Enquirer: 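Please find one structure pasted underneath; my questions will follow.
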Amino acid sequence: MRAVWYEETGPAADVLTYGEMATPVAGPGEVRIRLEASGVNPADVGRRGGSYRAKEFSRVIPNSDGAGFIDQTGDGATRFKIGDRVWLFNGQRNGRAFGTAAEHIALAEHLVTPLPDNLSFAEGATLGIPAMTAWCSLFADGPIVGKTVLVTGGAGAVGHYAVQLAKWGGAQVIATVSSAMKGEQARQAGADLVVNYRDEDVVAKAMAFTGGRGVDQLVDVDFGGNIATTLKLMAMNSTIAVYATNGNRTPTVPMRELMEKCITLRSLVLFALPPALLAAAQADISKWLAAGPRIHNVAAQFALSETAQAHVAVEKGDKLGTVVVDCAR
């Protein structure tokens with residue numbers, strides 16, 4: 001099969017190789033997917049660049065999300081049949097070296113979810129880690145109907161799904177953004193209030209929107225960078241769900257202030273969450289997709305041979321949505 005891989009971490013153009021590798025075979029409990037699209041996440045780029053941790057394997061096929069169709073099932077794999085359209089997450093995680101920047105991937109069937117016929121494979125590749133992270137940030141502690149949720153970075157890959165899922169879950173939604181264009185994206189996703197944090201007072205706007213009570217739940221893209229602001233707008237007995245903290249990777253946690261408001265701090269990274277929670281997320285996302293039209297932002301598309309360019313596009317940090325690699329070309 002055609003694939004892209006790296007054997008040392010470093011700049012994309014220097015370490016990513018495009019060529020031929022052996023096609024994987026589905027093992028017990030696994031399915032093999034003929035990949036049509038691969039989603040590139042910031043974590044994929046960070047792992048390849050060497051900023052996350054030491055390289056785990058002698059050769060890595062990057063990217064953890066994707067979409068395609070089942071073309072082989074292993075012993076004991078019964079959830080899917082040949083030809084089923086699917087999306088997947090955590091392809092290159094949890095002891096697996098070979099991700100989705102390839103024509104095929106073999107992985108455990110519990111990481112695979114049916115892809116509705118009305119979604120393209122490129123749209124399916126935007127689900128994966130962004131949609132799963134958004135759902136777990138919102139619903140890991142129970143229903144959110146009637147609550148007020150604030151989503152920081154409401155136009156980002158995770159944030160845009162978080163706004164849509166929160167509205168579907170019955171919450172009122174505040175989204176923070178950094179530009180007018182991103183604000184329009186958040187409004188299209190259903191945000192009830194959009195605040196441009198560069199030139200508006202987030203705390204004043206959020207407190208006015210909630211009648212001075214504060215927000216019940218925060219889905220946060222940058223805990224360390226935002227905590228001085230967000231702590232001021234949290235309600236009593238609220239929850240902060242943290243899925244990234246790149247603005248300050250080693251923040252000082254103001255524990256006494258969290259305690260005085262009885263704020264629950266939920267930190268999460270998708271590959272370490274309990275299997276039962278991930279299964280609930282997959283099932284609920286399928287219900288959400290079936291319940292009406294959704295917005296799936298494909299920021300840019302590249303051929304498989306252009307995976308290095310796709311990684312650079314993510315590193316630039318100005319994308320709206322998910323950068324997708326077309327594995328079939």
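Small disclaimer: the values here were computed from a predicted structure and weren't measured. Computation of the quantities below employed the complete heavy-atom set of this structure, encompassing side-chain atoms and omitting hydrogens, waters and symmetry-equivalent molecules.
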Enquirer: Between CH2 of W135 and CH2 of W168, what distance do you get to the nearest 0.5 Å?
Expert: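 Going from CH2 on W135 over to CH2 on W168, the span is 9.0 Å.
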Enquirer: Does any non-hydrogen side-chain atom of T73 lie less than 4.5 Å from one of K81?
Expert: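 Side chain of K81 against side chain of T73, heavy atoms only: no contact under 4.5 Å found.
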Enquirer: My understanding is that only one of L107, I129, L270, L111 makes a side chain to side chain contact (heavy atoms under 4.5 Å, CB included) with R93; could you say which?
Expert: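 One option only clears the test, and that one is I129.
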Enquirer: Could you tell me if T126 and T322 have a donor-acceptor pair between their side chains, going purely by distance under 3.5 Å?
Expert: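 Distance-only check fails for T322 and T126.
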Enquirer: Does any part of the side chain of S38, heavy atoms only, come nearer than 4.5 Å to the side chain of D65, both counted from C-beta?
Expert: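 SC-SC contact between D65 and S38 ruled out.
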Enquirer: Is there a donor-acceptor contact under 3.5 Å from the side chain of T245 to the main chain of G224?
Expert: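 A pair under 3.5 Å: yes.
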Enquirer: Can you tell me if Q301 and D326 form a side-chain donor-acceptor pair at under 3.5 Å?
Expert: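 A donor-acceptor contact under 3.5 Å links the two side chains.
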Enquirer: Using modelled atom types and a 3.5 Å cut-off, is there a donor and acceptor pairing between side-chain atoms of R32 and backbone atoms of V25?
Expert: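 No: the side chain of R32 does not pair with the backbone of V25.
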Enquirer: Kindly give the heavy-atom pair with the smallest separation between V177 and A186, and that separation in Å.
Expert: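 Taking V177 first and A186 second, the nearest heavy atoms are CG1-CB, 4.1 Å.
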Enquirer: Under 4.5 Å between side-chain heavy atoms, counting indirect links through other Ile/Leu/Val/Met/Phe/Trp/Tyr residues: same cluster for V195 and M181 or not?
Expert: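 V195 and M181: separate clusters.
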Enquirer: When you measure from the side chain of R2 to the backbone N and O of L304, does any donor-acceptor pair fall under 3.5 Å?
Expert: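 Not at all, since once roles are kept as given, no pair shorter than 3.5 Å links the two residues.
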Enquirer: Find out whether F223 and L265 are in side-chain contact, i.e. whether some heavy atom of one side chain is under 4.5 Å from a heavy atom of the other.
Expert: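 A side-chain contact under 4.5 Å exists here.
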Enquirer: Supply the atom-to-atom distance T230 OG1 to K232 NZ, rounded to the nearest 0.5 angstrom.
Expert: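 Rounded to the nearest 0.5 Å, the OG1-NZ separation comes out at 10.0 Å.
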Enquirer: Validate the cation-pi geometry between R59 and Y6: distance from NZ or CZ to the six-membered ring centre under 6.0 Å, angle to the ring axis within 45°.
Expert: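 Pair R59/Y6 does not count as cation-pi.
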Enquirer: How far does OG1 of T307 sit from OH of Y18, to the nearest 0.5 angstrom?
Expert: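 Answer rounded to 0.5 Å: 8.5 Å.
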Enquirer: Can you tell me how far the CG atom of N90 sits from the CG atom of L278, to the nearest 0.5 Å?
Expert: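 One finds 7.0 Å between CG of N90 and CG of L278.
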Enquirer: Tell me whether Y161 shares a hydrophobic cluster with L289, the cluster being built from Ile, Leu, Val, Met, Phe, Trp, Tyr side chains joined at under 4.5 Å.
Expert: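 The answer is yes; both residues are in one hydrophobic cluster.
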Enquirer: Determine, step by step, whether L268 and R266 satisfy the side chain to side chain contact (heavy atoms under 4.5 Å, CB included) criterion, reporting the C-alpha distance in whole Å, the side-chain angles of both residues, the deciding distance to 0.1 Å, and the verdict.
Expert: CA-CA 6 Å; L268 59 95; R266 169 176 283 278; 4.2 Å; yes
Enquirer: Report yes if some heavy atom in the side chain of I61 is under 4.5 Å from a heavy atom in the side chain of M21; otherwise report no.
Expert: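 They are in contact (side-chain heavy atoms under 4.5 Å apart), so the answer is yes.
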Enquirer: Short question: side chain of N226, backbone of D222 - any donor-acceptor pair under 3.5 Å?
Expert: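 Such a contact is found between N226 side chain and D222 backbone.
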Enquirer: Would you sort out whether R213 and M236 count as a side chain to side chain contact (heavy atoms under 4.5 Å, CB included), showing the intermediate values?
Expert: CA-CA 8 Å; R213 188 176 60 84; M236 297 290 289; over 6 Å; no
Enquirer: Using the side chain to side chain contact (heavy atoms under 4.5 Å, CB included) rule, take I70 and V86 through it: C-alpha gap first, then chi angles, then the decisive distance, then the call.
Expert: CA-CA 7 Å; I70 304 293; V86 296; 4.1 Å; yes
Enquirer: Taking side chain as C-beta onward, heavy atoms only, is I285 less than 4.5 Å from M132?
Expert: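 They are in contact (side-chain heavy atoms under 4.5 Å apart), so the answer is yes.
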Enquirer: Measure from the side-chain N and O atoms of E30 to the backbone N and O of G76, and report whether any donor-acceptor pair falls under 3.5 Å.
Expert: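 No.
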Enquirer: Got a donor-acceptor contact below 3.5 angstrom from the K319 side chain to the G321 backbone?
Expert: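 Checked: pair present.
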Enquirer: Show your working on salt bridge (Lys or Arg N to Asp or Glu O under 4.0 Å) between R48 and E315 and close with a plain yes or no.
Expert: CA-CA 11 Å; R48 185 267 308 146; E315 285 175 322; 2.9 Å; yes
Enquirer: Scan side-chain atoms only and decide if D220 and T152 contain a donor-acceptor pair under the 3.5 Å cut-off.
Expert: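 There is such a pair between these side chains.
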Enquirer: Which heavy-atom pair separates C327 from A37 by the least distance, and what is that distance?
Expert: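 For C327 versus A37, the nearest heavy atoms are SG-C, 3.8 Å.
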Enquirer: Salt bridge between R256 and E260, side-chain N to carboxylate O under 4.0 Å?
Expert: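 Counted as a salt bridge, because a side-chain N and a carboxylate O are separated by less than 4.0 Å.
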Enquirer: Show your working on side chain to side chain contact (heavy atoms under 4.5 Å, CB included) between E123 and W87 and close with a plain yes or no.
Expert: CA-CA 9 Å; E123 290 173 324; W87 60 273; over 6 Å; no
Enquirer: Rounded to the nearest 0.5 Å, what separation is found between the OG atom of S179 and the CG atom of D318?
Expert: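 Atom-to-atom, S179:OG and D318:CG are 10.5 Å apart.
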Enquirer: Determine, for D84 against R79, whether the closest basic-nitrogen to carboxylate-oxygen distance falls under 4.0 angstrom.
Expert: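 Salt bridge flag = no for R79 with D84.
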Enquirer: Is it true that a side-chain atom of T23 and a backbone atom of M1 form a donor plus acceptor pair closer than 3.5 Å?
Expert: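 Yes, T23 side chain to M1 backbone: donor-acceptor pair under 3.5 Å.
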Enquirer: State plainly whether one hydrophobic cluster holds both L35 and V324, where clusters connect Ile, Leu, Val, Met, Phe, Trp and Tyr through side-chain heavy atoms under 4.5 angstrom apart.
Expert: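 No.
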Enquirer: If you measure only the distance, is there a donor-acceptor pair under 3.5 Å linking the side chains of Y243 and S267?
Expert: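 Note: Y243 and S267 side chains miss the donor-acceptor criterion.
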Enquirer: Do V163 and W288 land in one hydrophobic cluster if side-chain heavy atoms of ILVMFWY residues count as linked below 4.5 Å?
Expert: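 Both belong to a single hydrophobic cluster.
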Enquirer: Please check if the side chain of R85 supplies one atom and the backbone of S120 the other of a donor-acceptor pair under 3.5 Å.
Expert: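 Pair absent, no side-chain N/O of R85 close to backbone of S120.
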Enquirer: Just by distance, no angles: are the side chains of Q92 and S64 close enough, under 3.5 Å, to form a donor-acceptor pair?
Expert: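 Not at all, the side chains of Q92 and S64 share no donor-acceptor pair under 3.5 Å.
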Enquirer: Could you tell me which non-hydrogen atom of A67 sits nearest to which non-hydrogen atom of G124, and how far apart they are?
Expert: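 Looking at all heavy atoms of both residues, the closest pair is CB-C, 3.9 Å.
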Enquirer: OG/S238 to CG/D216 distance, rounded to the nearest 0.5 angstrom?
Expert: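 Separation between the atoms: 7.0 Å.
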Enquirer: Testing the basics here: between L231 and P254, what is the closest heavy-atom pair and its distance to 0.1 Å?
Expert: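 Answer, listing the atom of L231 first, then P254: CD2-CG, 3.8 Å.
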Enquirer: So, N41 versus N63: side-chain donor-acceptor pair below 3.5 Å or not?
Expert: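 No pair is found: no donor N or O on one side chain lies under 3.5 Å from an acceptor on the other.
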Enquirer: Is a side-chain donor or acceptor of E103 paired with a backbone partner of A3 at a separation under 3.5 angstrom?
Expert: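 Flag not set: sc E103 to bb A3 has no pair under 3.5 Å.
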Enquirer: Check P62 against L16 and note the closest heavy-atom contact, atom names and distance.
Expert: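 That closest heavy-atom pairing would be CG-CD2, 4.1 Å.
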Enquirer: Is a side-chain N or O of Q282 found less than 3.5 angstrom from the main chain of H110, in a donor-acceptor match?
Expert: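 A pair under 3.5 Å: yes.
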Enquirer: When you look at CD of Q188, are more than 12 heavy atoms from neighbouring residues, nucleotides or ligands closer to it than 6.0 Å?
Expert: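 More than 12 heavy atoms, drawn from other residues, nucleotides or ligands, come within 6.0 Å of this atom.
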Enquirer: Counting C-beta onward and ignoring hydrogens, is there a side-chain heavy-atom pair between N94 and R96 closer than 4.5 Å?
Expert: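 With C-beta onward as the side chain, the pair touches.
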Enquirer: Checking Q309 now: which residues fulfil side chain to side chain donor-acceptor pair (under 3.5 Å) with it, not counting sequence neighbours?
Expert: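 Q309 satisfies side chain to side chain donor-acceptor pair (under 3.5 Å) with no other residue.
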Enquirer: Would a 4.5 Å heavy-atom cut-off, applied to side chains only, mark L127 and H296 as touching?
Expert: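 Yes; the side chains approach each other to less than 4.5 Å.
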Enquirer: With the side chain counted from C-beta on, respond yes when W5 and V60 share a heavy-atom pair under 4.5 Å apart, and no when they do not.
Expert: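 W5 does not reach V60 side chain to side chain.
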Enquirer: Please find the pair of heavy atoms, one from S137 and one from A241, that lie closest to each other, and give the distance.
Expert: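 So the two residues come closest at O-CB, 3.5 Å.
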Enquirer: Are R47 and F271 in a cation-pi contact, defined as NZ or CZ under 6.0 Å from the six-membered ring centre and within 45° of the axis?
Expert: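 Yes, a cation-pi geometry holds between R47 and F271.
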Enquirer: I'd like to know if V173 and M207 are part of one continuous hydrophobic network [Ile/Leu/Val/Met/Phe/Trp/Tyr, side-chain heavy atoms within less than 4.5 Å].
Expert: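 Per the 4.5 Å side-chain linkage, M207 and V173 are not co-clustered.
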